Every structure is written in C-alpha cells, then in structure tokens.
There are 2 protein chains.
Amino acid sequence: MKLKELAKSLGLSPTTVSRAINGYPEVSEATRARVMAAAQRHDYQPNPRAKALATGQSMAIGHVIPLATRHEMVNPVFADFIAGASEIYAREGFDIHLTVVSDEGEEKAYRDIAAKGSVDGIIVHAPRANDGRIALLSSVGLPFVVHGRATGIDAAYNWVDVNNRRAFRRAAEFLVDLGHRRIALVNGLETMEFAMRRRSGFVEALTARGIEPDPDLMLSDEMTEQYGYQSAKTLLARADPPTAFLCSSMISAFGIRRATDEAGLKLGRDLSLIAHDDDLSYLQNGADDPIFTALRSSVREAGRRAATILIDQIRNPGPPVHDLLEAEFLVGRSTAPAPHPARALNA
Amino acid sequence: MKLKELAKSLGLSPTTVSRAINGYPEVSEATRARVMAAAQRHDYQPNPRAKALATGQSMAIGHVIPLATRHEMVNPVFADFIAGASEIYAREGFDIHLTVVSDEGEEKAYRDIAAKGSVDGIIVHAPRANDGRIALLSSVGLPFVVHGRATGIDAAYNWVDVNNRRAFRRAAEFLVDLGHRRIALVNGLETMEFAMRRRSGFVEALTARGIEPDPDLMLSDEMTEQYGYQSAKTLLARADPPTAFLCSSMISAFGIRRATDEAGLKLGRDLSLIAHDDDLSYLQNGADDPIFTALRSSVREAGRRAATILIDQIRNPGPPVHDLLEAEFLVGRSTAPAPHPARALNA
DNA sequence: TTCGCCAGCCAAAGCGCTTTGGAAAATCTC
DNA sequence: GAGATTTTCCAAAGCGCTTTGGCTGGCGAA
C-alpha cells in the first residue's frame, strides 16, 4: 500500500494524506481522522527510504563497533549498551545502523557513513586518547555522542561516561583501609581512555596514602577470562604476591577467581578482589549478595543516556552536553582485611 | 558530491556516469576509466537511500534481536554472531539494520520490517518450537535465514544450526563412560529449540545406556552465572548429589564452578563438568589447555555461514539451504571418572 | 555511394514520499 | 451582501539515483 493508492481510495490528494499523517495543521480534523482510519485499516507503512530521500532525515542512528584486531574480540558490553540505547530509539522511531569494523578501517568507516548520509547521528564507542574520530565527525557536522571521553581533544563534544577515576580511587582507598599494601591492578587495554582513567584513580589513591605504586603490579590487556587467570597466576607466584586485586572487568575477575582457587586461596579471606561491574544482563553480580565487592555502573543506562542526548541534539542542535555517571560501590564477599598487615608493615 | 554534479564536471550525462560506475557495458572503457577516476578524486559516494528507492534494493540485512523479558537479558552470543556475519556483509556491501525487541513485540517488529521494506533479508535469532515468525516471513516473501531450527514447521526454510542433539548425546555418553550415573543437565530455556534438542540428546544417551533420566536433575533457565551457581548449589546439597554436570553455557559453567569451589569440591577430581562453548571472543575456553571439557562450536562461524546463505538467496533465490555444524568435543581438565563407580553400581 | 548496424551516449520518466505555491471553498467583517 | 480572510485542499516540483527508450555518428557490407 503506497501513499498514492491510499489517497486515491480516499478521494484525496497525496498531499493531503501526507499532511494528515504527519500531523500538519493544514487538514481538517475530520479528514485527518478519516485518513488515519484508512491508514490503519490498510496497514499503511510509509516507505522509509522515500521518506528519507524527501526529508533528508534517515531516522537512523549509526553505531560503529570496533573489533579489536588482536584477538578479534568484540567487547561484551556493546550488546547491553545497545539494548539500553534501543529502548530510547524504539520510542522515538529511530533505527540502528550497525557497522563492525576492525581497528584499521575505523576512520574510513566513519568517513563513509558521513559521506553517504545514511544516518542522522552516530555513537562513538571506546574512545582513545586524541581520538581522531572526534575531530572527523565534528568537521563533518554529523551529530554524535561519545561513550567515554578522550583527553587531548580541545573542542567540546557530547559524551556520556562513568567517573572511572573516582571509582577506582575509591576502590583502591577501600583496599588500603583494609590494610592492603600490595595491590594489583588488572586493567583493560590502556590505549583506551577508560582504562587510563582507572589507572590514574588507582595510582592517585595509593600515592595519597603514601604507597609507592609498583609497576609490576599494574597490568593492562584485553579483558578476557584468560587474562584474569594468567595475571593472577603469575602475580601469585611471586615472592611478594599482592594481597588484593582491583580488576576492570567481571569476566577477568572470574579468571582471577579461578587462579586463586587453584592456588588454594579463598577470596574474601586470603585474598581480596574488587571488580568493575558493568551490570550486564547475563553476568549479574547479584543484588542482595554480591559475589564480588564491586564498582557497579550500568552500561545499559549509559546507552539510554547517550541515545537520549543524541536524539535531542539531532532534533535541536545546541551546545555540547555531557553526562558523568557515578559508579555505585558495593561491598560483597570478595574483600577482607589484609592477612598480616601489621607484620608486613613492621617487619 | 552528487551524481549530477559529477556528470556535469565531466561533461557527461548522469545516465552515462551511473552506468560507468555500476559496470554496465554501454559505456566505453575509456570514459569508464575517466568517470572512475573523477569519482575517486571527488570521493563520490552514491546516496544509498536514493539508490535504494530507485532499485528497490536496500543493501541492508535486518537482525531482530530478542530481549528476554524475564531478565531483560540480551543473549551474549549475539555480539559474536553479528561480528561473524558482518565479515561477510562488509565484503559484499551490505549494512546491518538492528532491532532490539522484547518478546511480545516480536511478531509486529517482523511485520513492520517487511512492510517497510527497509531490508533485503532477515536473520531470525533464537527460534522456538512452532515459531510463528517463519510462516510470517515466508508469506511475506522476504528472504531469511534462521539461526537454529524450529520443529513443527512443515515448510522448508534456510537455516544454520549446530547439531546440538548429537553434541549433547556425545557429551552425556562420555560422562557415562567415565562411570557417572547421576548426571545433571543445566540447560538453557527449554522454550528455545536449541535447548530442547540438547535435552533430547542428553536423555537419549542416558536411556541408551539403561539409565533412567531423573527429572530433578534436569534444569532449564536463562543461562546466567547466577543460574549455574544456584543450580549447582541446590543440587549439591541433595542427599544424592550428581557426580557430573552437563551445562549449556560457559557463563553458567562459571557459576557451577563457583558453587563447587564453595562446597570444597574440585572440578576434574570430585566432580565432572562439561560445558557448551560458543567460542566467544571474550570468553575463550583456552585452546591448548581447556578450562572445561567442552563442546565447542563457534557462533561466529555460524554467523558467517548464515550471512553467506542469506546473501546468496537474496541474489539468486532458490530452494532453501541449510547448514548443520558439528560441535567439536574437547577434553579438558574438568572431567574425571566418577568417584565410586564400582561401589555405586554393585552396591 | 548508400544503407544498415552497432557502439556510445543522452533525455526523461520514475522510485514513494514531502513541500512549495497556489486555488477553491468556507468563514468573517462591516 | 460584497470584500477580506481563513480554512482546506491540490498540482507539481523535487529528493538523488536508475533505467527505458531513443538518438547520433562511424563503420562495414553490398
């Protein structure tokens, strides 16, 4: 069923039908009702491509999700982020245009999307320091929101981020308060902004408490289970093993748990672990009785916020907006006072 | 840069330029070269909406990913499936159109997509028995490929699936061969086809070996970590706990591991566990030294296959095609002979 | 030399919708 | 009740591309 047919069947012009459907005031309420009823009856769906061509609006948002070349890994948080964003999109009538692209092709992917004009806005995932995409998109004039922030960019832009630095500072302080002195940071890839910020928060906390951060205890890689396992295994084999771990991901935290179990140690007794928890739907830390003491911040909520900002900027462009979410700190069963704090310190 | 401008700058008609770019034979190779060079130089990207409107082809594939209403959970395998599919899409010039929809809205979502004609084909995820979507899409005439199969559908259709039944039969047989008699099945939601098939394979194996499947040992739910944990905890607390677990997901397997650790049992010694491993990029079971004995089947590869079939069917429609993948069986460190097989049997 | 043919190009219509610039009908003003 | 508005509708152009149906000029055949 096309607009023209609908119009003919009603004895109206396409113009009037179009206006009736799109809520323009130039049609009487009587005919609008008639048109709407007919549209309903015939299950009329305007062809979005024709509409887009005529209006210049595609009613679609682009998401470019990076495929880490090293392990061809797609970050598991995307699914939840997009689920959150799409709640908003669905309500507002936007579609999602997905592009999966490996690191090298990334810039070109953005450039192409902008040139083809197939979306009204873009969400930028996983920013790095001095991220070139931000300048690129700004110059093109396509509205965009960054999930995260990028240092080294002068111009203002829209972003939604978690206060990673504060969260990790707080977690580290908590561990120090429990008497831990040798604390390992099992961080994400520190080419990523969020990982850099987490590291600075961690370092800040230690330094503020007079503890010299030990580079050997600060690891950085893609956050897989294996990475957590290997890291913990290696660190625990040291002569002076850490007594606590701060880990950037629940998945890697499971790896750490596996290594500690193998070593015959018990989390929350012999060893402490705090994990960052993105509150993924399939990897719940548990509400009432958290598995891990954790910094919780819903990536789905971040998706909702980012989508809201983006749509708002598309509809009425204005000065850049940002939204800084604070992570919740949940004390679970994976943390405990340091085993021999006094002895270790006074030795 | 638009086609018309390009044409003018070359002193050619839009017709000729269009034909040159799209490889039609009516233009001389000389002018084609000239056009291509100019297109390159001006970074000309044809407007996909205009193209789609004119040709009726949108060069986009729809993915409708279901949001399980119960826990608002988005299945973690989608990210990898789509990563695999998009390798093919990118090569062939297709875009991905994503729709996230909760169970109730699903049928309408498909209907709308078909009516709006915004995609050339669809991938159907997570089929259920007698899945209505298959009849719907068939009647609409939109090419589609199902990731999985649905019993109760007479008509043939395109699908890509893992031989879940055989895989689970084999795993169960392996456990029985190790002397296990009380084996628990920690399965996915059995409204899903794949879970039903896994269960039948499991039941078949036990029955064939003269073991009566115990309904109390067969669980079914969404495959979260918590689910694995709770299931194992409950089952291990029984008077006659199982000596082995067969689990439908790596994530739930981690939960099972957590429960067994808590109970002071060691996997691969006191208790056996086989997990189904979708070979997710961020949840590797480990190639050389698998954490779990596992049935491995790459969901990313399934994505590639599905995309290939779909594009092929879009280009030259033909009789339905399917592709049945076999899961690899990997013996890892989580399985061992049953603790007291002889005694238990001869008692 | 004339004709026919074909390679190579172009004008214009059309994809399904929106939107500008009227025009007719209805309402208001005095 | 005539003119001035306002309401309600419509015809047609246009979004950027493809594609049908010519048209032209150069070539070989007769």
Side-chain angles (χ1 to χ4, degrees), chain A residues 1-39 42-60 93-95 112-120 315, chain B residues 1-36 38-39 42-60 93 95 112-120 315:
Chain A
M1 179 51 93
K2 355 216 111 160
L3 181 62
K4 206 152 63 168
E5 297 166 22
L6 225 201
K8 186 144 56 175
S9 85
L10 281 163
L12 288 171
S13 78
T15 307
T16 305
V17 175
S18 168
R19 293 194 146 142
I21 287 174
N22 293 310
Y24 284 80
E26 294 95 333
V27 330
S28 71
E29 282 311 317
T31 62
R32 189 194 305 281
R34 222 158 52 89
V35 169
M36 291 312 244
H42 293 97
D43 192 29
Y44 168 71
Q45 299 272 13
N47 179 320
R49 295 189 305 254
K51 199 163 176 164
L53 187 56
T55 59
Q57 295 243 305
S58 60
M59 293 308 280
F94 282 82
D95 283 329
D112 284 0
I113 289 175
K116 294 203 285 192
S118 37
V119 301
D120 294 335
R315 295 218 173 118
Chain B
M1 181 49 96
K2 354 214 113 159
L3 181 62
K4 205 150 65 165
E5 296 165 22
L6 225 202
K8 186 142 59 174
S9 85
L10 282 164
L12 289 171
S13 77
T15 308
T16 305
V17 174
S18 168
R19 293 194 144 141
I21 288 175
N22 293 310
Y24 284 81
E26 294 95 335
V27 328
S28 73
E29 281 312 317
T31 62
R32 188 194 305 282
R34 222 158 52 89
V35 169
M36 291 312 244
H42 292 99
D43 192 29
Y44 168 70
Q45 300 271 13
N47 180 320
R49 297 189 305 254
K51 199 163 176 164
L53 187 57
T55 59
Q57 295 242 306
S58 61
M59 293 306 282
D95 283 329
D112 284 0
I113 288 175
K116 294 203 286 191
S118 37
V119 301
D120 294 335
R315 295 220 172 116

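Values below: all heavy atoms of this structure, side chains included; hydrogens, waters and symmetry mates excluded. Labels below follow one simple rule: chain letters A, B, ... track the order of the sequence lines, proteins then strands, and each chain is numbered from 1. The structure displayed is predicted, hence computed values, not measured ones.
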Checking dG21(D), dC17(D), dG14(D) against the side chain of R19(B) (C-beta onward), the nearest is dG21(D)
Please work out if G11(B) contacts a base, only the sugar-phosphate, or nothing of the nucleic acid, heavy-atom cut-off 4.0 Å. sugar-phosphate
Please determine if a side-chain N or O atom of Y24(B) lies less than 4.0 Å away from the OP1 or OP2 oxygen of dT20(D). no
Distance (rounded to the nearest 0.5 Å) between L6(A) CG and L12(A) CG: 9.5 Å
d(CG, N22(B); P, dG16(D)) in whole Å: 17 Å
Hey, which sits more toward the 5' end of DNA chain D by its nearest nucleotide, E26(A) or A50(B)? E26(A)
On a plain distance test, is the side chain of T31(A) in donor-acceptor contact with the base of dT8(D) below 3.5 Å? no
Here the distance between atom P of dC15(D) and atom CD of E5(B), to the nearest Å, is 11 Å
K8(A) NZ to dA11(D) P, in whole Å, measures 12 Å
Given dC17(D), dT18(C), dC9(C), which nucleotide is nearest the side-chain atoms of L3(B)? dC17(D)
What nucleotide, of dG16(D), dC9(C), dT19(C), holds the atom closest to the side chain of T16(B)? dC9(C)
Atom-to-atom span, NZ of K2(B) to C1' of dT18(D) - whole angstrom: 17 Å
Looking only at side-chain atoms of T15(A), point me to the closest of dC15(C), dT18(C), dA12(D). dA12(D)
Length of the line joining Q45(B):CD and dC17(D):P, which is rounded to integer Å: 11 Å
For R49(A) and for V27(B), find the nucleotide of DNA chain C with the closest heavy atom, then tell me which residue's nucleotide is more 5'. V27(B)
For S58(B), does its backbone N or O pair with a side-chain atom of D120(B) as donor and acceptor, under 3.5 Å? yes
Provide, to the nearest angstrom, the distance between the CG atom belonging to L53(A) and the C1' atom belonging to dG14(C). 12 Å
Can you find a side-chain donor-acceptor pair between S13(A) and T16(A) that sits under 3.5 Å? yes
T55(A) side chain, from C-beta outward: closest of dT19(C), dC15(C), dC17(C): dT19(C)
Taking 4.0 Å as the cut-off, does a side-chain nitrogen or oxygen of S13(B) come that near to OP1 or OP2 on dC10(C)? yes
Flag the pair K116(B) / N47(A) as yes when at least one side-chain heavy-atom distance between them is below 4.5 Å, and no otherwise. no
Candidates dG16(D), dC10(C), dC9(C) - which lies nearest the side chain of N47(B): dG16(D)
Working to the nearest 0.5 Å, report the span between OG1 of T55(B) and CZ of R49(A). 7.0 Å
Would you mind checking if E5(B) and K2(B) are paired as a salt bridge, meaning a charged N to carboxylate O distance below 4.0 Å? no
Is the phosphate of dG16(C) approached by K4(A) (side-chain N or O, under 4.0 Å from OP1 or OP2)? no
Rounded distance (Å) that lies between atom P of dG16(D) and atom CE of M59(B): 21 Å
For dA7(C) and S28(B) - does any side-chain N or O of the residue sit under 4.0 Å from the phosphate oxygens OP1/OP2? no
Distance check needed: dC9(C) P versus E29(B) CD, whole Å only. 11 Å
Looking at dC9(C), dG16(D), dG14(D), which one has an atom nearest to any side-chain atom of L12(B)? dC9(C)
